[in-house]
Each structure stands twice: as C-alpha cells, then as structure tokens.
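Working notes, beginning with the structure itself.
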Amino acid sequence: MSTEHSHLDELEAEAIQIIRETAAAFERPVLMYSIGKDSTVLLHLAMKAFWPAKPPFPLLHIDTTWKFREMIAFRDATARRLGLDLRVHTNQEGLAQGVNPITHGSKVHTDVMKTQALRQALDKFRFDAAIGGARRDEEKSRAKERVFSFRDRHHRWDPKNQRPELWDLYNTRVNQGESIRVFPLSSWTELDVWLYIWKHGLPVVPLYLAAPRPVVERGGTLIMVDDGRLPLEPGEKPRMLKVRFRTLGCYPLSGAIESEADTLEKVIEEMLMARTSERQGRLIDHDQSGSMEEKKREGYF
Amino acid sequence: MQGPALAEGQRVEDYLGRYERNELLRFLTCGSVDDGKSTLIGRLLHDTGRIYEDHLAALERDSKVHGTTGGGLDLALAVDGLKAEREQGITIDVAWRYFATARRSFIIADCPGHEQYTRNMATGASHCQLAITLIDARKGVSVQTRRHAFIASLLGVRHVVAAVNKMDLVGWDEGRFREIEREFLDFCGRIGIPDPIVVPISALGGDNVVTRSANTPWYSGSPVLGLLESVPVERPSPDAAFRMPVQCVIRPDLDFRGFAGRIASGSVKPGDRVKVLPSGKETRVRRIARAPEDGGDASVAWAPQSVVLTFEDEVDCSRGDVVVCIGRDPAVTQRIECDMVWMQEAPLVPGQQFVLRTGTKATNCTVRRVRWLVDVNTLATAPAETLRLNEIGRVELECEERVVVDAYRDCKGTGGLILVDRLTNATAGSGMVRLPGEDGARRAHWETQALATLERPEERPSSVTPEERERRWRQRPRTILVYGPPHSGKTRTAHELERKLFDEGAAVVVLDGQALRRGLSKDLGFGDEDRSENLRRAAEIARLLNDQGYVVILAMVAPQAEARAKARELVGADRWEERALGTANRAGEGAG
C-alpha cells in the first residue's frame with residue numbers, strides 16, 4: 001500500500017488536528033481572520049476540519065479602519081461565500097480619539113487599534129481560545145511560541161513561563177478569564193503557505209498580485225494611496241507603479257514592492273529569488289530589535 | 001529564499017510540484033552553552049540560504065553588541081530569540097527553525113543544554129526523528145552528552161548523530177576524534193541506540209556542515225546536511241495496529257454522524273471491522289468522509305492523517321474514546337506505569353492528584369508510587385519517594401476511569417501522556433507508558449531460570465554421559481562470549497575463532513546476537529532489558545549445546561556486567577569465558 005505522506009500532507013494533518021482540538025476543548029473559540037494569505041489557508045483548513053459541517057466558531061476581524069479597501073471587500077465576500085459568522089470589532093475609543101497611523105505613528109496606532117482592540121473584543125465576546133495564523137518562521141520571538149499559547153487574565157504572554165508541549169498532546173486547560181492563542185500554522189513557512197494556496201487554487205486578495213497602483217515613496221518605502229486620508233506632503237504626487245504587497249496590514253504601514261508578478265506563479269518565483277524577509281515591508285516591526293516580543297507580551301497576535 | 005533554490009530556467013510549476021513531495025524530517029539539536037550548537041544551526045540556515053538580508057543586517061548589528069566573535073558575524077545570534085537570551089548569551093527555551101533543500105524539508109527543535117532544562121530537551125525530542133548532540137572536541141563525551149543521548153533514546157528518537165565540534169581547536173587530530181567516537185558509540189550501545197553516527201566538524205568554519213571539509217581527509221562519512229538528507233525517515237507502518245483517538249463528533253444534520261481524529265497508528269479502509277474503546281462496542285467503517293473538492297471519500301487512510309470516519313452502526317462513541325482494529329488490543333486500564341519526566345518546580349509526590357491527558361482523553365489520576373529514579377548521567381536506578389523538576393523516574397498512576405493506552409515504543413500517539421496540575425493547569429510532567437511485561441517480566445526470566453539451574457542434576461534422562469561425550473569429541477564443552485558495542489567487530493572475531501577451533505578439530509557452534517534477532521528474538525528491542533533478554537536466550541541455548549558436548553561462541557553486545565554475570569551463572573562458571581571488544585570499527589554489523 002502506498003502511504004505517501006509529504007511535508008505538506010503532514011502540515012495539513014497537524015493543523016486540522018489543532019483546529020479540531022480547539023473546537024472540542026474550549027467553550028467559546030474564535031478564528032482570528034485578518035484577510036491575508038495566512039488567514040486564507042487557516043480558513044480553508046477550518047472548513048476542511050469539520051466538513052460536512054461548518055466550523056463551530058465565528059470569525060473575528062479587528063478592523064483598524066485603515067485596512068486596504070480591497071481587503072475589506074474580500075473579507076465580506078469570503079464570509080458570504082462560505083456562509084460564516086463574521087464579527088468585526090473596532091476600538092471605538094481609539095476611533096473617537098482619532099488615533100491613526102499617520103499622526104500617531106505605527107507604535108501607538110498598533111497598540112491602540114490592534115492590540116487594545118483585540119483585547120476588548122476577546123473580553124466582549126468572552127472568547128477563551130483565539131486561533132491565529134502566525135507562523136514560527138516569521139520572526140525570532142515567534143520561534144519560541146507554543147501551538148497552544150497561554151494568556152493570563154490580562155491577555156499577557158510570559159515567554160519565560162510557557163507550558164511544555166510534547167507530541168501532539170495539547171494542554172488546553174485554563175481557568176476563568178484566562179485564554180489560549182492557538183497557532184495551527186506554527187510549523188509552516190511562507191513558501192508552504194503559498195504552495196498550499198497554489199495547490200488548492202484558493203482565492204487571495206488581489207493586492208498580492210502586481211498591478212498599477214498609485215503610490216508615494218517615503219523613506220525608501222512605497223506607500224499606496226488607497227484613499228483620501230493619506231496626507232500628501234508639499235510637492236508629493238502619487239505615481240502609478242506596478243506594485244504588489246508581500247504582507248497586508250494597514251495601508252499606510254504596508255510597504256509595496258515594484259513587481260511584474262501578476263500571477264501566483266510569478267509571485268512565488270519572485271519570492272524564491274527574494275533576498276529579504278516578508279516582514280521587512282512591515283513598518284511596525286522595525287521600532288527596535290525585539291519589538292515583536294514586546295508587542296506579543298502586551299497581547300498582540 | 002524559503003526552500004530549495006529555484007534552478008536556472010526551472011518552471012515554478014515544476015518546482016512546486018517537486019517541493020510539494022518533499023519529505024519532512026524533524027530533528028533536535030542539543031548541546032551545552034559553549035558547544036557551538038547555535039553556531040551550527042546558524043551555519044545550516046546561512047549556508048542553505050535561509051537567512052534573509054534584513055535578518056543578516058540585524059544580525060550584524062547584534063553581533064557588535066552581544067556577539068562572542070569579536071564583532072564578526074555571530075551566527076549563534078540568529079537563533080537566540082528572546083531578549084533575555086541575547087543579553088545573557090544563552091538559550092532558555094526550545095526554538096523552532098525551518099529550512100528546506102531539494103531533497104527534504106526540515107524542522108529544527110533547538111534545545112538548550114543546561115542541566116536544569118531536561119524538560120526542554122524531552123519536549124523537543126518528543127517531536128523528532130533524529131537528534132544531533134554537540135560535543136566539544138577539546139572536552140570529549142561529557143555528562144551532558146550522555147544525558148542527551150539517554151533522553152533521546154527514552155523519547156524514542158530513532159537516529160542520534162554526535163557532531164564533534166571545534167575540531168579546528170584540536171588541530172583536526174584524527175586520534176582525538178576516534179577516541180571520542182569510540183566512547184560515544186560505546187555509550188550508545190549501552191543504552192540501545194541502534195545506529196549512532198559521529199561527525200567531525202567546525203561549525204564556526206563550516207567544516208563538514210553543508211560541504212565536506214578538506215581538513216578531514218580521514219573522515220569518509222557525509223557532512224551533517226548530507227546525513228540529514230539521507231537518514232531513513234520512519235513512516236508509521238500501515239500494517240501497525242489501527243488506533244484513532246476521537247477528537248470530536250461531526251453532526252451537521254441527522255443523516256451524518258462522523259468521528260473526527262488523527263490516526264495515531266496503522267491504517268483503515270471502509271468495511272474494516274473496528275472497536276470503540278473503552279466500551280468495546282464493535283462496528284464497521286462505512287466511509288472515510290472527504291469533501292468533493294478534496295477528491296471525495298477516501299478508499300484508505302493511514303497514520304498520521306486527520307480523518308472523519310462514519311460507522312455502519314449507531315455505536316456510542318465520543319471524544320476521549322479510541323477507535324481500534326479488531327485483534328490487536330491496546331491496554332484498557334486504570335493503572336498505568338510510565339517513565340516520567342518531571343517538569344514543574346513542585347515535586348511529584350505519591351498521593352497527589354493530577355489531570356492525566358493521553359490521546360484525546362482527560363481524566364483524574366492519583367500518583368501511587370515512584371518505583372525508581374534514573375540518574376541520567378550514570379543511568380543507574382535508585383529507589384525514590386518523589387520526583388523533582390527535571391528528574392526522570394518510573395511512576396505508577398491510578399486513574400479514576402479506564403483509559404486506553406499502548407506501550408510508548410509501539411505507538412507514541414497512544415503511549416505518551418501528560419499530567420496537568422489541577423490548580424495552576426501547568427503541564428507538570430510527561431510520561432512514556434510501559435506495559436507490564438515490557439521489561440519487568442523479562443528481568444524475572446533470569447530469576448526463574450536461575451532456579452532451574454539448581455535443579456539441573458535431576459533432569460538428565462540421557463544414558464550418554466558428559467564424560468562419554470568429552471571422549472568422543474575430544475573437547476571440553478565451553479561457552480565463549482565475545483561482546484562489545486555495535487560495530488566493534490564481534491561477528492568477525494567470533495567467526496575467526498570458530499575457524500581456528502574448527503581447524504583444530506573442535507565441534508563448534510557460533511550464536512550471533514544479530515542472527516538471533518531475526519528469529520528467536522525478533523520480539524526484542526534494543527533497550528537494556530531487551531539486550532539482557534537476548535543474552536539470556538543465547539545463554540540458554542549455549543547451555544543446552546554445552547550439555548551435548550559442543551563448544552559455543554556467542555557474539556553479543558551484552559553491555560551490562562550484571563547480565564553477563566547471570567549468563568555465566570546459567571551456563572556454569574567452569575564452562576564460561578569472556579572476550580571484550582572495545583574498539584569501534586565499522587565492520588558492518590552490530591544489532592546483537
């Protein structure tokens with residue numbers, strides 16, 4: 001009997017087991033849907049894990065109100081197509097205070113509109129497990145993250161006091177108010193994610209593919225002018241360049257790259273040739289070395 | 001770059017089609033603070049193109065501040081993730097790394113080597129098929145090296161590679177390498193690691209890491225990466241006993257009731273008769289359900305796939321149950337014996353209660369007693385009352401309900417367990433299930449046989465006397481044990497001796513430990529107990545043959561002096577000779 005089991009089969013089987021474990025062991029799990037390529041794979045695996053039933057948990061999107069418009073359209077279309085319960089949360093206090101990435105900078109904006117907003121949402125819906133698409137290969141501090149990663153009452157991560165995780169036996173026990181962040185894609189690399197999307201023909205936000213888009217160059221980074229909220233500096237004029245994005249976040253914080261890759265195959269080809277990591281285009285990671293660790297300790301995903 | 005390089009002119013579709021079929025190998029690296037473990041990983045990642053330019057730039061910045069290479073690029077910093085680790089220059093926690101070549105995809109569990117971090121190493125080892133332990137060429141096999149090899153074997157890691165690092169600092173001295181190699185192979189032989197491999201490297205200079213080094217013309221083996229690409233990856237056998245712990249029941253409507261889980265062992269087909277444990281209700285598998293877009297229902301599924309099964313009958317089955325094949329039953333028991341690695345500050349004390357988790361089952365359990373404690377440095381066992389953080393010992397547990405378990409060596413998915421603290425919910429310990437008879441019963445074999453030895457005079461109905469046989473064969477019957485670690489040349493030595501005695505006119509028989517394993521002892525593994533049992537069986541045959549007047553030569557690993565003494569007693573001290581082989585040479589044998 002042929003019992004072939006490639007690395008992608010292994011990653012898929014492991015992720016499905018993790019997602020099912022979350023659904024079975026927690027009272028109110030949620031899947032953090034951030035619209036990007038990792039979320040796309042995560043959602044597909046969740047659909048597969050419970051087929052022919054639907055995933056027994058809602059999707060949650062933390063909307064900073066600064067996401068690319070195409071992302072929001074893709075999000076709503078995906079939830080409709082799959083018939084899933086999508087919940088969107090925005091930090092209303094932050095919104096009222098006018099917190100934004102342009103005047104407040106990436107650090108304050110990310111803290112208020114993403115980290116605090118996430119904590120609000122988890123408290124509001126009393127979710128006890130949040131499934132996310134983070135991968136260990138993304139960043140140094142993520143390399144030490146557990147698959148089932150404990151958070152205290154204040155949603156804080158204590159990297160030095162993590163539960164040992166052996167075999168595929170996950171410790172899912174928490175007390176009232178505590179929670180677990182679950183990372184089914186822990187062992188996937190960026191290439192694995194693209195490979196899976198390519199193999200299964202999964203739809204992705206068109207921003208991943210190169211197209212002519214209006215951009216301005218700031219500090220060596222290409223920023224897309226996605227709507228009228230991006231203040232242009234004196235003399236600055238958006239140019240149409242053929243660009244794409246390696247990662248998607250808030251548009252003023254996501255650096256585009258010039259590219260001719262307008263198909264998935266070409267994107268993958270460019271990635272294979274790339275000399276820099278995918279998070280390099282993310283301005284929020286560059287405050288200082290170790291900043292992801294700091295953000296994660298505060299409750300960032 | 002994420003995976004193997006895209007070749008010039010290669011189509012992306014072809015590349016992905018190839019990469020998709022890459023096998024996955026998970027391995028762990030263990031070593032002490034200064035053994036150069038992080039440097040080795042940094043080197044593997046760097047030389048396979050896995051470190052990006054922006055990461056490299058960050059690394060160069062960090063090297064100037066925290067580096068230990070005088071401002072030069074310190075590859076070790078590429079893998080020390082947490083702030084505290086970079087500042088202190090140590091690794092606190094298991095870190096996971098990823099790289100791929102055109103042949104395989106790799107996941108590295110990077111485990112710290114401090115004494116207090118046994119739990120991290122056990123954690124890493126539980127996920128891995130191969131372990132690399134770093135040895136400083138100047139220091140040789142250390143207490144830590146032994147501990148690493150022991151924990152790897154305890155957790156069932158199949159392949160162990162010792163990388164003798166800093167060879168440049170001993171002037172690439174072959175003699176020094178061979179000395180370390182011999183000591184390491186000897187130790188592995190004692191703890192039953194089947195095919196250990198030793199490689200001379202310099203992680204700092206990249207010698208024998210990715211490419212073969214010009215500094216070691218005397219080393220004919222592969223560099224580390226070549227070994228990682230070529231050691232066989234054990235896939236769970238489809239012929240193994242089928243086991244599937246049920247994770248959840250999928251019920252979209254009244255017409256469909258599916259049981260979801262990940263196959264822990266064996267394979268399953270529609271029509272197979274199965275049993276739900278612990279209830280014991282039997283039924284047949286109707287479907288292995290899959291969505292039409294995934295190709296529809298499967299005709300067969302195997303470990304470690306995640307599947308949904310439906311059954312022919314409406315049997316009661318839910319999370320925590322295990323679906324198994326008919327005929328090869330696991331244990332269904334409330335009392336569990338296991339080798340426990342203790343992982344929290346508060347010690348394990350008899351009488352304590354924990355939540356036991358195995359497969360998908362969680363139940364309360366009470367610690368009955370600690371049978372013994374293992375000194376991971378000397379492998380000696382000693383009686384103990386408790387287990388403290390990072391200690392390993394044999395423990396008996398009593399569960400509130402019946403649980404379904406296999407021996408850990410047969411199935412990790414149903415033979416591994418964790419204990420969870422009922423107040424803090426911390427993972428307090430992890431255990432490897434040992435079933436009755438796995439080792440204890442074999443030890444008892446020696447004892448009953450020792451009694452039989454006493455009764456020997458009465459059981460000799462033959463009228464042919466030993467004296468007549470001695471006159472006929474013109475020889476005094478005796479047993480010569482040739483023993484030593486794997487690859488020490490036992491088989492060859494035994495047969496050379498056989499030739500010599502035969503030419504002198506002797507009636508002589510060779511019993512080779514490895515040959516015994518093909519038949520008489522094929523139920524045995526390579527642990528101490530099993531090696532001891534293999535020697536006992538060989539000694540029993542030798543005794544019978546000696547009684548018939550033959551000279552017997554045994555070629556065995558026989559690592560334990562205690563077992564050799566018992567064999568000697570069994571055969572008779574006046575008929576027993578021993579020849580020890582210590583020097584490892586790769587003569588192409590060594591499973592006895």
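What you see below is based on every heavy atom in this structure, not just the backbone, and it leaves out hydrogens, waters and symmetry mates. Here is the naming used below: chain letters follow the sequence lines, and residue numbers restart at 1 for every chain.
Using a 4.5 Å cut-off between heavy atoms, A:Glu14 contacts chain B through both its backbone and its side chain. Using a 4.5 Å cut-off between heavy atoms, A:Trp51 touches chain B through backbone and side chain atoms alike.
Residues B:Ala426 and A:Asn171 come closest through the heavy atom pair C-ND2, 3.8 Å. Pairing each heavy atom of B:Ile107 with each of A:Ser187, the nearest pair is CD1-CB, 3.8 Å. Annotation for B:Gly359 and A:Leu169: closest pair O-CD2, 3.3 Å, computed over non-hydrogen atoms.
In terms of heavy-atom pairs under 4.5 angstrom with chain B, the leader among A:Asp168, A:Asp9, A:Leu11, A:Val174 is A:Val174. Ranked by non-hydrogen atom pairs under 4.5 Å with chain A, the options B:Thr358, B:Val355, B:Thr360 are led by B:Val355. Note on A:Ser6, A:Ala53, A:Ser186, A:Ala143: by heavy-atom pairs under 4.5 Å with chain B, the leading option is A:Ala143.
Electrostatic pairing of A:Lys48 and B:Glu293 does not count as a salt bridge here, judged by no charged N lying under 4.0 Å from a carboxylate O. At a threshold of 4.0 Å, the pair A:Glu10-B:Arg262 counts as salt-bridged, since one of the basic side-chain nitrogens sits closer than that to a carboxylate oxygen.
For A:Asn161, the side-chain contact (heavy atoms from CB on, under 4.5 Å) criterion is met by A:Asp158, not counting sequence neighbours. Residues forming a side-chain contact (heavy atoms from CB on, under 4.5 Å) with B:Ala102 (at least two apart in sequence, or on another chain): B:Pro4. Taking the side-chain hydrogen bond (donor to acceptor under 3.5 Å, both in side chains) definition, one finds that A:Lys199 meets it with B:Glu20, sequence neighbours left out.
Here the two rings, on A:Trp167 and B:Tyr408, have centers that are under 6.0 Å apart.
Remark: A:Arg151 CZ is packed, more than 12 non-hydrogen atoms of other residues, nucleotides or ligands lying under 6.0 Å away.
To the nearest 0.5 Å, the span separating OH on B:Tyr15 from CG on A:Leu272 amounts to 4.5 Å.
Contacts with chain B (heavy atom to heavy atom, under 4.5 Å) involve these residues of residues 23-31 of chain A, listed by number: A:Ala24, A:Ala25.
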